[in-house]
Amino acid sequence: MTADLFDDLPVQPSSETIDDGAVVLRQFAKERENAVMAAIQWVTESAPLRHMQTPGGHTMSVAMSCCGELGWVTDARGYRYQSADPCTGKPWPSMPDVFERLAREAADAAGYRDFCPDACLINRYEPGAKMGLHQDKNESDFEQPIVSVSLGLPQVFQFGGLKRNERPVNITLAHGDVVVWGGPSRLRYHGVLRLKTGSHPLTGACRYNLTFRRAR
Ligand code: MD6
Ligand code: FE
């Protein structure tokens with residue numbers, strides 16, 4: 001018998017509660033993988049993936065782009081949402097229908113009705129890239145959930161508490177998995193560990209993460 005790296009990951013759609021308000025919908029995006037990937041290509045042709053600067057002057061290891069009415073940016077002036085892409089000076093590309101539908105249906109499946117995202121952040125992780133523990137708190141209404149879609153290589157997601165010093169639980173997010181979180185979990189610290197080297201048939205040597213938010 002050969003040990004398979006992906007042996008312990010679900011292959012059928014299923015739902016796992018992480019904690020109050022937070023759920024992993026395993027494989028929820030799988031059957032739309034080609035349409036979602038094509039939409040990522042479409043967005044990033046006009047709003048290129050780029051490594052933004054943190055307010056503290058560090059270059060982020062993850063490459064980011066956005067679509068929708070608002071995009072999330074970080075630079076020396078801080079973290080914020082804005083309607084223009086600082087790289088091009090133009091509005092962010094519109095949110096592709098396949099994105100909007102996926103986000104709304106996932107939110108619905110998790111019990112959050114009528115989710116209407118106005119911002120989608122596209123993250124591309126290459127081997128070694130990570131995201132430290134943070135809270136998502138630049139949005140104006142914390143009653144609105146966040147929908148997070150993973151494509152490509154698996155990556156360990158860390159889900160912590162409402163204070164930075166609470167020990168996080170680790171959850172491997174695989175291709176097609178969707179995390180929806182809100183309610184009492186909305187402001188929990190979270191991040192992802194360094195991406196391990198690998199190759200995925202759809203994305204090659206990287207992982208994409210899409211996070212959908214209602215920013216205003
Ligand atoms: C990632 N995700 O999975 C980073 N934020 O690559 C996030 O920062 C995130 O997955 C809020 C809600 C869900 C998330
Ligand atoms: Fe986040």
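Both ligands and their constituent atoms are indexed starting at 1 by order of listing.
The shortest contact between atom 6 (O) of ligand 1 and any protein heavy atom is with Tyr125 OH, 2.6 Å. The shortest contact between atom 2 (N) of ligand 1 and any protein heavy atom is with Asn209 OD1, 3.7 Å.
The salt bridge (charged side-chain N to carboxylate O under 4.0 Å, His left out) test applied to Asp108 returns Arg113, not counting sequence neighbours.
For ligand 1 and Val192, the ligand atoms under 4.0 Å from any heavy atom of the residue are 1 (C), 3 (O), 6 (O). Of all atoms in ligand 1, numbered sequentially from 1 with element shown, those under 4.0 Å from a heavy atom of Ser148 are 10 (O), 13 (C), 14 (C). Interface of Arg207 with ligand 1, defined as ligand atoms under 4.0 Å from a residue heavy atom, comprises 1 (C), 3 (O), 6 (O). Close contacts of ligand 1 with His134, meaning ligand atoms under 4.0 Å from a residue heavy atom, involve 8 (O).
Inter-residue side-chain proximity for Asn123 and Met131 is flagged as met; some heavy-atom pair is nearer than 4.5 Å. By the 4.5 Å heavy-atom criterion applied to side chains, His190 and His134 are counted as neighbours.
For the residue pair Tyr189 / Gln158, no side-chain donor-acceptor distance below 3.5 Å is found, with atom types taken as modelled.
Put simply, the angle at the Fe ion (ligand 2) from NE2 in His190 to OD1 in Asp136 is close to 90°, to the nearest 10°.
Taking 4.0 Å as the cut-off, Asp136 counts as a neighbour of ligand 1 on heavy-atom distance.
Under the 4.5 Å side-chain heavy-atom criterion for ILVMFWY residues, no single connected hydrophobic cluster contains both Met64 and Met37. Hydrophobic clustering (side-chain heavy atoms under 4.5 Å, transitive across Ile, Leu, Val, Met, Phe, Trp, Tyr) keeps Val24 apart from Phe115.
Checked by distance only, ligand 1 and Asn123 stay at 3.5 Å or farther apart across all their nitrogen or oxygen atoms.
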Derivation of the side-chain contact (heavy atoms from CB on, under 4.5 Å) call for Lys137 and Phe142: CA-CA 8 Å; Lys137 58 177 186 189; Phe142 299 143; 3.8 Å; yes
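With atom 7 (C) of ligand 1 as the reference point, the heavy atom nearest to it among His190, Gln155, Arg124, Lys130 is part of His190.
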